[in-house]
2 protein chains.
Amino acid sequence: MIIEQKLVAALRGHKMKITPQRRFIFQALERGMYRHPTAEDIFRDVRQTLPDISLTTVYNTLRELVGMGLLRQVDLGEGMTRFDPNTDLHHHLLCMRCGRLEDIYIRFPCIALPADQTQGFTVTNHQVIFEGICPDCQIQPA
Amino acid sequence: MIIEQKLVAALRGHKMKITPQRRFIFQALERGMYRHPTAEDIFRDVRQTLPDISLTTVYNTLRELVGMGLLRQVDLGEGMTRFDPNTDLHHHLLCMRCGRLEDIYIRFPCIALPADQTQGFTVTNHQVIFEGICPDCQIQPA
DNA sequence: TATCCAGGTTGTAATGATTACAAATTAGAG
DNA sequence: CTCTAATTTGTAATCATTACAACCTGGATA
Ligand SMILES: [Mn+2]
Ligand SMILES: [Mn+2]
Ligand SMILES: [Zn+2]
Ligand SMILES: [Zn+2]
């Protein structure tokens, strides 16, 4: 229940209604923390308790949460967007074979663009994606 | 013509045919170097000299080039895949507003995962994406 | 607490990038 | 030059996501 306070506060702050759908979607995200689910993953999860929720609502809500800064969007080249309820600054480690995505909590102080290499851009942030093969997939045949 | 040697060699090595379509697609990629075009971009470009080329062939060829290592795939969250004929190790700087994508040629030596943080993964490589606003977009209203 | 409506939800249709497929064409070996 | 397997092409199918319009409801108000 305490976790939900974050959601309730954000919704109130944006004058948005607190609906069961939004609650359950947020809960599913928190429960699946660190798992970087897709919209479809969340849909399947929430359906177990709210069987009539629509996929559209899941997409809408995820978009809203991203807009409110409660959720981060992670786009790798997998054909579908993944979501990250962990909004702390962190990087990622991706299994190229099965798509498993883990959080990396190291700060790399050397990552910075010298002023003469920004090509005039205003740089706001950066992310590192490590690529490799996860332990499970290392066992597999191919 | 010298540039094409790379393509010809690769195609021969893989026992694949050297077709005008493949030539022109490769040329378009080289000409648009550093521009990170989409399949559609390449299609439009090649069409000017090969008006009857099909979009399917462009997609097929791009996939082949990636497979042969002559082309790199860059996936940001823009809804379409972009391609990078620059296969040197490098990072990227992305304009969050217009999608402009520039190459960054700095090596960051501090980026490395300590063995106790790989979670059992075999890490093969990593990429850094800097996000910001390009000079053109900084001028624009919103 | 009963009323009311702006905002929310839903099912379905539309979109847009990419892939599958089968018929027609062609590179290039012999 | 012939022949065939590889390639190209046009079109249909796929798949994630978004648009839309009818219906529903949270919560402000009295
Ligand atoms: Mn994460
Ligand atoms: Mn590049
Ligand atoms: Zn894996
Ligand atoms: Zn820009």
- Task: Tell me which of B:Asn60 and A:Ile53 sits closer to the 5' end of DNA chain C, going by the nucleotide each one is nearest to.
- Result: A:Ile53

- Item | Whichever of B:Arg82 and A:Ser54 has its nearest DNA chain C nucleotide further upstream toward 5' |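 Taking each residue's closest nucleotide, the earlier one in sequence belongs to A:Ser54.
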
- Query: Which sits closer to the 5' end of DNA chain D, B:Lys15 or B:Leu55, going by the nucleotide each is nearest to?
  - Reply: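 Checking each residue's closest nucleotide, the 5'-ward one belongs to B:Lys15.
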
Please report, rounded to the nearest Å, how far the [atom2] atom of [N] is from the [atom1] atom of [X].
| X | N | atom1 | atom2 | result |
| --- | --- | --- | --- | --- |
| B:Leu62 | D:dT8 | CG | P | 12 Å |
| B:Phe24 | C:dA27 | CZ | P | 12 Å |
| A:Arg12 | D:dG26 | CZ | P | 14 Å |
| B:Gln73 | C:dT19 | CD | C1' | 13 Å |
| B:Asp75 | D:dA16 | CG | C1' | 14 Å |
| B:Leu11 | C:dA27 | CG | P | 13 Å |
| A:Phe43 | C:dT9 | CZ | C1' | 13 Å |
| B:Asp52 | C:dA24 | CG | C1' | 14 Å |

N or O in side chain of [X] less than 4.0 angstrom from [N] OP1/OP2:
| X | N | value |
| --- | --- | --- |
| B:Arg63 | C:dT18 | no |
| B:Thr81 | C:dT18 | yes |
| B:Thr57 | D:dT8 | no |
| A:Tyr59 | D:dT17 | yes |
| B:Gln21 | C:dT26 | no |

- Task: Would you mind telling me which of D:dT8, D:dT9, C:dG28 lies closest to the side-chain atoms of B:Lys17?
- Result: C:dG28

- Query: So which nucleotide from C:dT18, C:dT9, D:dT7 ends up closest to the side chain of B:Met16?
  - Reply: D:dT7

- Return yes when atom CE of B:Met68 has more than 12 non-hydrogen atoms of other residues, nucleotides or ligands closer than 6.0 Å, and no otherwise.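 Count over threshold, so yes.
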
- Query: What heavy-atom pair brings A:Gly69 and A:Thr87 nearest, and what distance separates the two atoms?
  - Reply: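 In this case the closest contact between A:Gly69 and A:Thr87 is O-CG2, 3.6 Å.
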
- Query: Between the side chains of A:Thr57 and A:Asn60, is a donor N or O closer than 3.5 angstrom to an acceptor N or O?
  - Reply: no

- Compare the SG-SG distance of B:Cys134 and B:Cys95 against 2.5 Å and report whether it is shorter. no

- Query: Once the angle between the rings of B:His91 and B:His126 is folded into 0 to 90°, is it parallel (under 30°), tilted (30 to 60°) or perpendicular (over 60°)?
  - Reply: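 It falls in the parallel class, under 30°.
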
- Message: Let's test your reading of the model: under 3.5 Å, does the base of D:dA19 pair with the side chain of A:Thr56 as donor and acceptor?
- Response: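 Checked by distance alone, the answer is yes.
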
